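Notes follow the structure.
This one's a predicted model, so the numbers in the text were calculated from it and none came from an experiment. Letters A, B, ... mirror the listed sequences (proteins, then strands); counts begin at 1.
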2 protein chains.
Amino acid sequence: MYRSVNLYQIMRPTKRDELVQKALKVFYQYGFHATGMDMLATETGISKTSIYKHFRTKEDLILAVLRLRDEHFRNWLYRRMEELADSPRQQLIAMFDALEEWFNEIDYKGCMFIKASSEYQEASHPIHKQSADHKRMLERHITQLAENAGLTNPDVLARQLLLLKEGAIVTAHLGHTENPAKDAKASAIDLLNLHSK
Amino acid sequence: MYRSVNLYQIMRPTKRDELVQKALKVFYQYGFHATGMDMLATETGISKTSIYKHFRTKEDLILAVLRLRDEHFRNWLYRRMEELADSPRQQLIAMFDALEEWFNEIDYKGCMFIKASSEYQEASHPIHKQSADHKRMLERHITQLAENAGLTNPDVLARQLLLLKEGAIVTAHLGHTENPAKDAKASAIDLLNLHSK
DNA sequence: TATAAGGTTTACCGATCGGTAAACTATATA
DNA sequence: TATATAGTTTACCGATCGGTAAACCTTATA
């Protein structure tokens, strides 16, 4: 019995994952508070009862959604940076080309973690904390790239590049500026040159 | 009669303004969707019926709140930049010192307009549009300062400085980085030097 | 003193909020 | 065939959502 249960869960986590995947789209498009569980059941085609079989609360579901989003986004960004450039230095610059591609998607609605932390504001809230963790992991990766590129003060430079990234993300969503990714990229190139030995 | 009505409205717009002022604090602290009208009535001490005498809908109230916030914030930032530095060039740098003061306030919860645009995502939504207008007005002012400072490409530089500002604002709220205002300021100084003749 | 405007309280509206109970169906293994 | 699991539908829970109706109080002017 135990064997069959475990095998089933290992081999077919499909429905649960399908739910998280669909919920991600809905939360991203409409926001967290604005998305009710009834609407979520309708949009995903999965009954509310089934949803609550998988997740104790709406908050738990959101945390799972953010986990998936973190995995998807970091994988995509890191891969795209590698595809667009060879050297670590050029990859840091290519981050802003990748961002521009993202901004130009028709359904672009900003960064899910900025939104999450802004709807769940207290720093102690699990959703806020998990959003901060995502940013921390990005920072670690970019810092490593800056080190590999042999740049001076790789940690400071990484934080500065990420400030440009976050600024471009919210500016692209506000929509009052033509091409924030391009402006950010130009700044990034300048900063990189200044941090070269 | 008409005279008395008008005089009354001109001389004592107090209650309405008091409502907007208090609603601003509540919306800023708890978010827009998360703040119900009953809670708002309780927190402001103004009955729901009275609120709806002044504003037809919750959305109208939010628009009034954002108008007040725009006025407060821009006045505060511009004044603080002037207090902290004399030359236009130094004032541009001082923007990040002013931001650091803001970030260190105990009730700091990020930028109200970023939050508003992220809870009302469609670019056509009045709340989203008004948030974008705020950013546009900031851009105009910073561009003017860059021109007065005699810097090359004042418009590009202004947009880049504002990318750093927005990035610092969301990073300070996420709370995963020590002192984003300091990082942003260092970048700003570098960019300013590169744009000097 | 009559009147009008701004404000109040109390109560209510239908809809939706997050979440649950119960009874049922389909599938896959023992 | 018996059993366990994942999933379903229907109905419901108390609370809160944005918004309104009606009756009353207060204050300042005509």
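Comparing dG19(C), dT8(D), dG18(D) by their closest approach to the side chain of Ile46(A) singles out dT8(D). In the set dG7(D), dG7(C), dG18(C), the nucleotide with an atom closest to the side chain of Ser50(A) is dG7(D). Listed candidates were dT9(C), dA21(C), dG19(D). Nearest to the side chain of Thr49(A) is dA21(C).
The separation between Asp60(B) atom CG and dG19(D) atom C1' is 13 Å, rounded to whole Å. In this structure, Ile62(A) places its CD1 atom 9 Å from P of dG18(C), rounding to the nearest Å. Lys48(B) places its NZ atom 10 Å from the C1' atom of dC13(C), with the value rounded to the nearest Å. With rounding to whole Å, Leu40(A) atom CG is found 14 Å from dG19(C) atom C1'. Going from atom NE2 of His33(A) over to atom C1' of dT16(D) covers 13 Å, rounded to whole Å. Rounding to whole angstrom units, CZ of residue Arg56(A) and C1' of dT20(C) are separated by 14 Å. Nucleotide dA15(C) holds its C1' atom 15 Å from the NZ atom of Lys58(B), rounded to whole Å. Between the C1' atom of dA15(C) and the CE atom of Met37(A) lies a distance of 18 Å, rounded to the nearest Å.
Side-chain contact annotation: Gln21(A) with Asp17(A), donor-acceptor N/O pair under 3.5 Å absent. For the residue pair Glu100(B) / Asn179(B), a side-chain donor-acceptor distance below 3.5 Å is found, with atom types taken as modelled.
In this model, the phosphate group of dT8(C) is approached by a side-chain N or O of Ser47(B) to a distance below 4.0 Å at OP1 or OP2.
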message: Before you tell me yes or no, could you show the steps for His176(A) and His128(B) under ring-ring contact (aromatic ring centres under 6.0 Å, His included), namely the whole-Å CA-CA distance, both residues' side-chain angles and the distance that decides it to 0.1 Å?
response: CA-CA 10 Å; His176(A) 62 288; His128(B) 194 109; 9.8 Å; no

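Nucleic acid contact class of His54(A) (heavy atoms, under 4.0 Å, all strands): sugar-phosphate only. As judged by a 4.0 angstrom heavy-atom cut-off over every strand, Thr57(B) is placed among residues touching the sugar-phosphate backbone only.
Judged by closest nucleotide on DNA chain D, Lys53(A) is the one of Asp38(A) and Lys53(A) placed further toward the 5' end. Comparing Ile51(B) and Tyr52(A) by the nucleotide of DNA chain C that holds the closest heavy atom to each, the one mapping nearer the 5' end is Ile51(B).
The aromatic ring centres of His33(A) and Phe27(A) sit 6.0 Å or more apart.
Using a 4.5 Å heavy-atom threshold, the side chains of Val170(B) and Glu166(B) count as separate.
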